[in-house]
Visitor: 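Following this message is one structure expressed as structure tokens.
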Amino acid sequence: MLPDKLNHVDYHWYVVRTKRHQESKLVELLEKQKAQAKNILEIYAPTHTTVNVSQDNDDKRKPLFAGIVFVLATQHALMSFMKEHSQDAGMQYERKKEKGERTRMCVIPESQMRAFRDYNENYADKVIVLERPYSDYAFNTKTGEPNEIVRVIDGPLAGCEGYICRFRHEKRLVFQVQGFEPGSWLTVSCPKAWDLHVVRLHNMEGDRLSVGTEKGRAVDLLVGFLQACGYGDRTLPMLYGIIDRLAAKPSLVSLCKDLHAQGDVALSRRLAQMTGKEAELVINLVRYERDNPGYVKANWSKLTLRPFLTPTSGVAMDGGKTEVELSHKNFTEIVRKVDITEEAYQPSRQKDETITTTYYAHIAFLPSSSPTLPVGKAGKGMEGLEEPGQDIIFFANWDGFLQAYFLTAGKANEKLVAGTVETVRDGTANTEKLIESFRNYAPTLYKVLTDAGSAVKAVRDFKVGGDTLDVLAIKASAQEKDAAKDKLIQTCVRICKELNTTNHLAVWRRYLRTVWLHQ
């Protein structure tokens, strides 16, 4: 019979079982055999992977995997060792998945073992093994809202994905660690999630930003249709009328027929062309309006320029165009197609992927030929746009976000914008913690707010006809207008993405809903 060469010459990480509390004895025997014989290369008994327990005032350490030792060896060498030196030890076998399947020894892939050791040697003493399954931590148990999903960027946990969960007064990262059996996992929590370098992933099944923009997307969809159909100053009255009609009779078919009969043919056609997803958005808004009469009027009482990023263009883009202009009474709106790529995660499938979504950037400009070129009032050191001249000013609507920002002042403003680290007490020692500031987590916004050389400025009370808006704006000559337009859109998109991908600055992500109507 031919010898089994694989078992003689191929090295694998095997799982060896022994009696509880006999791990150290087995390791000692293996180390002696390793020194005297070949083909047993490494022994790993993670005895420092423990949960500290208190008994009789003495701290004791209890192995996480009781009776388990990992050995890098050939199968032949390991089996020979156990036969000759350790009758109490045995190889761990995989469970049979199908009837008649051949029993196989449990082998740990090298990459998996390396990741386990990195985790074990750097974080094991800091984590708590959780009893509940990993899926239970997808939602906040008190509010029912989905917890943030993040991916660790660097360090021993690089690539690890998990939920940011609150445990009493502390935020922890909850994630999974591969068990020693194929397909087995442990759910663990790591403290001081604040200190980890992570990027926030888009939760495809319940992103807070997307849920928070649902009603805004429905209103914006209707506003876009109305403006594209040329209703101008009548846009808001028409919006309120449509909402009231649907609240009384929630039928889009009947609404389209009524609009067509009264001469609003173009609008009727646009509404009839809505996708099922768009129609569902509108009907859900109408249901909310019916339960909360006056909601739409109270929250959309003013309309100057649509939010910067929306899922719908409003005006049609024919012939493969990526940009169109729409004339308004006091300015010209530019609508440009923008594709935004995000790292996304599906909690139910525990699967992550990269998705690209088409949005539409809305900016506007005031032509240099305007006899009354509006002049913005710069705030918090944002000088540079207040001088009148013949230049064109491009601007984007960041009203809700910047209103909240301009309300911060003094030390609070300094900390929010330019803060770096602060000293906090951690047990008996002082440690430094990164401050939730724009400088640390939204560097593009930090530059706009602080750099005198930044072309894009944050402008307070920018006059647009009879209205005022807080905007991000850029001034350019007629020759530089295309470059300035691109600069403003690119800067605004970068700010949106930076705010949306950090798990910090949660308050400012909430204000971001007024700027980016996230799908």
Side-chain angles (χ1 to χ4, degrees), residues 210 213-290 295-297 299-340 357-364 396-397 514-519:
S210 300
T213 64
E214 189 175 64
K215 299 179 184 66
R217 280 181 280 142
V219 170
D220 180 77
L221 174 70
L222 296 174
V223 166
F225 287 163
L226 288 163
Q227 289 184 337
C229 291
Y231 286 91
D233 291 342
R234 294 190 295 143
T235 295
L236 282 182
M238 284 293 293
L239 170 69
Y240 302 150
I242 289 172
I243 296 297
D244 289 343
R245 287 188 193 187
L246 289 173
K249 186 178 181 179
S251 170
L252 289 170
V253 174
S254 295
L255 173 65
C256 290
K257 288 180 178 179
D258 291 345
L259 289 170
H260 193 278
Q262 70 185 34
D264 296 303
V265 178
L267 179 59
S268 174
R269 288 174 180 168
R270 292 301 297 271
L271 292 173
Q273 293 169 355
M274 283 193 299
T275 65
K277 186 177 180 181
E278 291 172 338
E280 184 181 2
L281 264 182
V282 172
I283 293 301
N284 285 339
L285 172 67
V286 169
R287 288 172 180 157
Y288 193 84
E289 172 71 23
R290 191 170 53 192
Y295 169 78
V296 172
K297 286 185 180 179
N299 288 275
W300 286 273
S301 59
K302 183 178 80 169
L303 175 62
T304 306
L305 175 65
R306 292 169 67 184
F308 170 64
L309 277 181
T310 71
T312 51
S313 62
V315 60
M317 291 189 178
D318 300 323
K321 290 183 179 179
T322 58
E323 182 178 303
V324 294
E325 291 187 2
L326 184 63
S327 295
H328 296 271
K329 182 179 179 180
N330 298 300
F331 59 90
T332 299
E333 179 181 357
I334 297 171
V335 184
R336 178 185 289 184
K337 186 181 292 186
V338 176
D339 290 332
I340 294 184
T357 308
T358 296
Y359 288 93
Y360 296 89
H362 302 266
I363 65 171
N397 182 359
T514 64
V515 176
W516 181 6
L517 301 185
H518 195 281
Q519 292 198 83

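Predicted model only: the values in this text are computed from it and were never measured. Numbers here are sequence positions counted from 1. Worth knowing before you read on, the calculation uses all heavy atoms, side chains too, and leaves out hydrogens, waters and symmetry mates.
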Visitor: Please tell me if the side chains of Leu222 and Val282 come closer than 4.5 Å, counting only heavy atoms from C-beta onward.
Guide: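 They are in side-chain contact.
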Visitor: Look at atom NZ of Lys277 and say whether more than 12 heavy atoms of other residues, nucleotides or ligands are closer to it than 6.0 Å.
Guide: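 Atom NZ in Lys277 is not crowded, with 12 or fewer foreign heavy atoms closer than 6.0 Å.
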Visitor: For Ala361, does its backbone N or O pair with a side-chain atom of Arg306 as donor and acceptor, under 3.5 Å?
Guide: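 Absent.
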Visitor: How close do Ala247 and Arg290 get, counting heavy atoms only, and between which atoms?
Guide: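 For Ala247 and Arg290, the tightest heavy-atom pair comes out as O-CD, 3.6 Å.
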Visitor: Please name the pair of heavy atoms, one in Gln519 and one in Tyr359, separated by the smallest distance, quoted to 0.1 Å.
Guide: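 So the minimum-distance heavy-atom pair works out to N-OH, 3.0 Å.
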Visitor: Taking the side chain as C-beta and beyond, is there a heavy-atom pair between Leu252 and Ile283 under 4.5 Å?
Guide: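 Yes, side chains in contact.
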Visitor: First locate atom CG of Leu255, then atom CD1 of Ile243, and finally report the distance between them rounded to the nearest 0.5 Å.
Guide: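 The CG atom of Leu255 sits 9.5 Å away from the CD1 atom of Ile243.
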Visitor: Is it true that a side-chain atom of Gln273 and a backbone atom of Arg270 form a donor plus acceptor pair closer than 3.5 Å?
Guide: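 Here the side-chain-to-backbone pair does not exist.
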Visitor: Of all the heavy-atom pairs spanning Ser251 and Leu246, show the shortest one and how long it is.
Guide: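 For Ser251 and Leu246, the tightest heavy-atom pair comes out as O-CD2, 3.7 Å.
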Visitor: Please enumerate all residues that pass salt bridge (charged side-chain N to carboxylate O under 4.0 Å, His left out) together with Asp264, with sequence neighbours excluded.
Guide: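 Residues passing salt bridge (charged side-chain N to carboxylate O under 4.0 Å, His left out) with Asp264: none at all.
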Visitor: Nearest 0.5 Å please: distance from the CG atom of Leu271 over to the CG atom of Leu267.
Guide: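 Leu271 atom CG to Leu267 atom CG measures 4.5 Å (nearest 0.5 Å).
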Visitor: How long is the span from the CD atom in Glu289 to the NZ atom in Lys215, to the nearest 0.5 Å?
Guide: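 Glu289 atom CD to Lys215 atom NZ measures 11.5 Å (nearest 0.5 Å).
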Visitor: Between Leu326 and Thr332, does a side chain to side chain contact (heavy atoms under 4.5 Å, CB included) hold up when you go through it step by step?
Guide: CA-CA 6 Å; Leu326 184 63; Thr332 299; over 6 Å; no
Visitor: Taking atom types as modelled, is there a side-chain donor on His518 or Thr213 under 3.5 Å from an acceptor on the other?
Guide: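 No, because no side-chain N or O of His518 sits under 3.5 Å from a partner of the opposite role on Thr213.
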Visitor: Given Trp300 and Val219, is the side chain to side chain contact (heavy atoms under 4.5 Å, CB included) satisfied, shown in steps?
Guide: CA-CA 8 Å; Trp300 286 273; Val219 170; 3.7 Å; yes
Visitor: Ignoring hydrogens, what is the shortest heavy-atom contact between Cys256 and Ala272? Give both atom names and the distance.
Guide: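 For Cys256 versus Ala272, the nearest heavy atoms are SG-N, 3.7 Å.
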Visitor: Is any side-chain heavy atom of Leu285 closer than 4.5 Å to one of Arg217?
Guide: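 No; the side chains remain at least 4.5 Å from each other.
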Visitor: Would you say that His328 contacts Gln227 through its side chain, given a criterion of any heavy-atom pair below 4.5 Å between the two side chains?
Guide: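 SC-SC contact between His328 and Gln227 confirmed.
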Visitor: Which value, rounded to the nearest 0.5 Å, describes the distance between Asp244 atom CG and Leu239 atom CG?
Guide: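 Answer for the CG-CG pair, Asp244 versus Leu239, is 9.5 Å.
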Visitor: Just to verify, what does Glu323 make a side-chain hydrogen bond (donor to acceptor under 3.5 Å, both in side chains) with, not counting sequence neighbours?
Guide: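 With sequence neighbours excluded, Glu323 shows a side-chain hydrogen bond (donor to acceptor under 3.5 Å, both in side chains) to Arg336, Lys485, given in chain and number order.
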Visitor: Taking only residues at least two apart or on different chains, which pairs with a member in residues 245-288 satisfy ring pair (Phe, Tyr, Trp, His ring centres under 6.0 Å)?
Guide: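 Output for this query lists Tyr288-Tyr295.
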Visitor: Let me see the working for Arg287 and Asn284 under side chain to side chain contact (heavy atoms under 4.5 Å, CB included), right down to the final yes or no.
Guide: CA-CA 5 Å; Arg287 288 172 180 157; Asn284 285 339; 3.2 Å; yes
Visitor: Are the side chains of Val315 and Val324 in touch, meaning some heavy atoms are under 4.5 Å apart?
Guide: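 In contact.
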Visitor: Report, as yes or no, whether the 6.0 Å neighbourhood of atom CZ on Arg269 holds more than 12 heavy atoms from other residues, nucleotides or ligands.
Guide: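 Open: at most 12 neighbouring heavy atoms sit under 6.0 Å from CZ of Arg269.
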Visitor: Where is the tightest heavy-atom contact between Phe331 and Glu333, given as atom of each residue plus distance?
Guide: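 So the two residues come closest at CD1-N, 4.0 Å.
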Visitor: Determine the minimum heavy-atom distance between Leu259 and Ser268, stating which atoms define it.
Guide: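 That would be CB-CB, 4.1 Å.
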Visitor: What's the verdict on side chain to side chain contact (heavy atoms under 4.5 Å, CB included) for Val515 and Asn397, showing C-alpha distance, side-chain angles and the deciding distance?
Guide: CA-CA 7 Å; Val515 176; Asn397 182 359; over 6 Å; no
Visitor: For the atom pair CG (Asp220) and OG1 (Thr312), what is the distance rounded to the nearest 0.5 Å?
Guide: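 Atom-to-atom, Asp220:CG and Thr312:OG1 are 4.5 Å apart.
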Visitor: When rounded to the nearest 0.5 angstrom, what distance separates CG in Leu309 from CG in Leu517?
Guide: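 Answer rounded to 0.5 Å: 8.5 Å.
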